[in-house]
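Contents: one structure, followed by commentary.
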Amino acid sequence: KVNVALKCSNRINLLISLQYISYIEYTKTLPLNPTPEIFGMHTNADITKDQSETHNLFDSILLTQSRASGAAGKSTDETVFEVSTDILGRLPADFDIEAAMRKYPTTYNQSMNTVLVQEMGRFNILLRTIRDSCINIQKAIKGLVVMSTELEEVAQSMLTGRIPAMWMKKSYPSLKPLGSYMHDFLDRLKFLQVSGFRCFHSSVASVL
């Protein structure tokens with residue numbers, strides 16, 4: 001009999017034995033949920049794994065929901081059309097970057113002007129992405145354009161109250177549901193309005 005214990009973590013030892021029963025007994029002592037260290041990963045990998053498992057669980061639960069509408073209920077197309085119409089009605093116009101640059105030029109005494117213009121440009125991209133996707137969703141429902149994979153994902157996200165992946169590619173990080181995300185997004189747009197520029201300066205200065 002030869003036993004060699006090689007330590008690979010603080011919880012698990014590798015056992016090399018010539019007896020079959022030794023492997024059986026040792027296997028029973030292994031933890032049910034091994035730590036990421038066993039696979040050469042950092043312990044924080046558990047966070048990503050838990051988040052992924054949670055998202056997959058809720059996605060699977062949402063897939064079990066019935067998509068058929070009752071006699072007095074709305075169809076999925078009607079629901080998506082209504083949600084997209086509501087979002088379009090709440091979206092403001094794009095920021096006028098050129099006007100902002102003329103009113104708040106980059107100077108030595110006001111370096112935050114550059115940050116303001118850059119943020120306006122980023123939010124303009126997100127605004128156009130949300131607006132165009134909602135418009136194209138409505139056209140696809142009417143049969144005017146093809147329902148692409150990305151548009152189908154946007155429609156599915158609207159039905160389940162999630163932020164569409166198309167939006168998240170252009171958005172700031174957020175774990176909010178769709179309704180709360182839109183409220184937060186509109187608040188951020190109001191914050192960047194020219195009327196709130198002094199607030200923007202004081203907020204950034206306090207953070208720095």
Side-chain angles (χ1 to χ4, degrees), residues 48 51 55 58-59 62 74 76-208:
T48 303
Q51 288 180 342
H55 290 160
F58 283 110
D59 288 344
L62 291 172
K74 298 178 181 178
T76 55
D77 287 347
E78 291 174 339
T79 302
V80 172
F81 198 95
E82 183 178 320
V83 172
S84 60
T85 300
D86 178 68
I87 292 175
L88 286 172
R90 297 162 62 188
L91 292 179
D94 292 351
F95 290 111
D96 191 339
I97 304 297
E98 294 183 359
M101 293 179 65
R102 289 194 300 268
K103 191 170 185 179
Y104 303 105
T106 302
T107 63
Y108 179 80
N109 295 326
Q110 296 290 350
S111 60
M112 292 297 102
N113 291 357
T114 303
V115 180
L116 174 66
V117 174
Q118 289 177 347
E119 288 300 304
M120 284 183 170
R122 290 178 58 190
F123 277 96
N124 272 352
I125 295 175
L126 180 56
L127 262 172
R128 297 189 191 106
T129 301
I130 296 177
R131 185 183 296 111
D132 292 344
S133 63
C134 288
I135 293 175
N136 289 330
I137 276 289
Q138 294 184 348
K139 290 182 178 179
I141 292 175
K142 294 178 181 179
L144 301 178
V145 297
V146 177
M147 178 69 78
S148 64
T149 304
E150 290 185 339
L151 289 180
E152 187 175 355
E153 192 276 332
V154 173
Q156 185 66 26
S157 298
M158 288 182 177
L159 289 173
T160 56
R162 295 178 300 172
I163 306 174
M166 180 190 297
W167 301 3
M168 287 305 300
K169 291 179 181 179
K170 308 294 183 181
S171 174
Y172 50 89
S174 178
L175 296 177
K176 297 177 180 290
L178 181 58
S180 300
Y181 173 81
M182 287 306 303
H183 284 295
D184 178 69
F185 176 57
L186 294 175
D187 287 341
R188 289 171 184 254
L189 295 179
K190 292 178 182 178
F191 179 76
L192 287 177
Q193 294 295 336
V194 176
S195 59
F197 184 63
R198 292 183 180 179
C199 179
F200 176 81
H201 268 255
S202 61
S203 298
V204 174
S206 64
V207 172
L208 297 177

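Rounding to the nearest 0.5 Å gives a distance of 7.0 Å between CG of Leu175 and CD of Gln51. One finds the CG atom of Asp187 at 11.5 Å from the CG atom of Leu192 (value rounded to the nearest 0.5 Å). Separation of atoms CD1 (Ile130) and CD1 (Ile125) is listed at 12.5 Å; rounding is to 0.5 Å.
When every heavy atom of Val145 is checked against every heavy atom of Asn136, the shortest pair comes out as CG2-O, 3.7 Å. Of all heavy-atom pairs between Arg102 and Pro105, the closest is O-CD, 3.7 Å. The shortest heavy-atom contact between Ala140 and Met147 is CB-CE, 3.7 Å. Annotation for Asp77 and Ile141: closest pair O-CD1, 3.5 Å, computed over non-hydrogen atoms. Here the closest non-hydrogen pair linking Ser84 and Gln138 is OG-NE2, 3.1 Å. The two residues Met158 and Leu178 make their nearest non-hydrogen contact at CA-CD2, 4.0 Å.
Taking 4.5 Å as the limit, some side-chain heavy atom of Leu189 sits within range of a side-chain heavy atom of Leu127. Counting only heavy atoms from C-beta outward, the side chains of His183 and Arg90 approach each other to under 4.5 Å. Side-chain contact between Leu186 and Pro92 is present, with heavy atoms from C-beta onward closer than 4.5 Å.
With sequence neighbours left out, the side-chain hydrogen bond (donor to acceptor under 3.5 Å, both in side chains) criterion links Ser171 to Tyr181. For Asp184, the side-chain hydrogen bond (donor to acceptor under 3.5 Å, both in side chains) test picks out Tyr172, Arg188, with sequence neighbours left out. Residues satisfying the side-chain hydrogen bond (donor to acceptor under 3.5 Å, both in side chains) test with Ser174, not counting sequence neighbours, are none. Scanning for side-chain hydrogen bond (donor to acceptor under 3.5 Å, both in side chains) contacts around Gln118 gives an empty result, with sequence neighbours left out.
Met101 CE: 12 or fewer foreign heavy atoms inside a 6.0 Å radius. Counted within 6.0 Å of CZ on Arg131, heavy atoms from surrounding residues, nucleotides or ligands total more than 12; the atom is thus considered enclosed.
Panel note: side chain Asn124, backbone Phe95; a donor-acceptor pair is recorded below 3.5 Å.
For residues 143-155, the set of pairs meeting the side chain to side chain donor-acceptor pair (under 3.5 Å) definition, not counting sequence neighbours, comprises Glu153-Ser157. Residue pairs meeting the side chain to side chain donor-acceptor pair (under 3.5 Å) criterion with at least one member in residues 161-170, sequence neighbours excluded: Asp59-Arg162, Ser133-Trp167, Thr160-Arg162.
With Met182 as reference, Leu91 is the one residue of Ile163, Leu91, Asp86, Val83 to meet the side chain to side chain contact (heavy atoms under 4.5 Å, CB included) rule.
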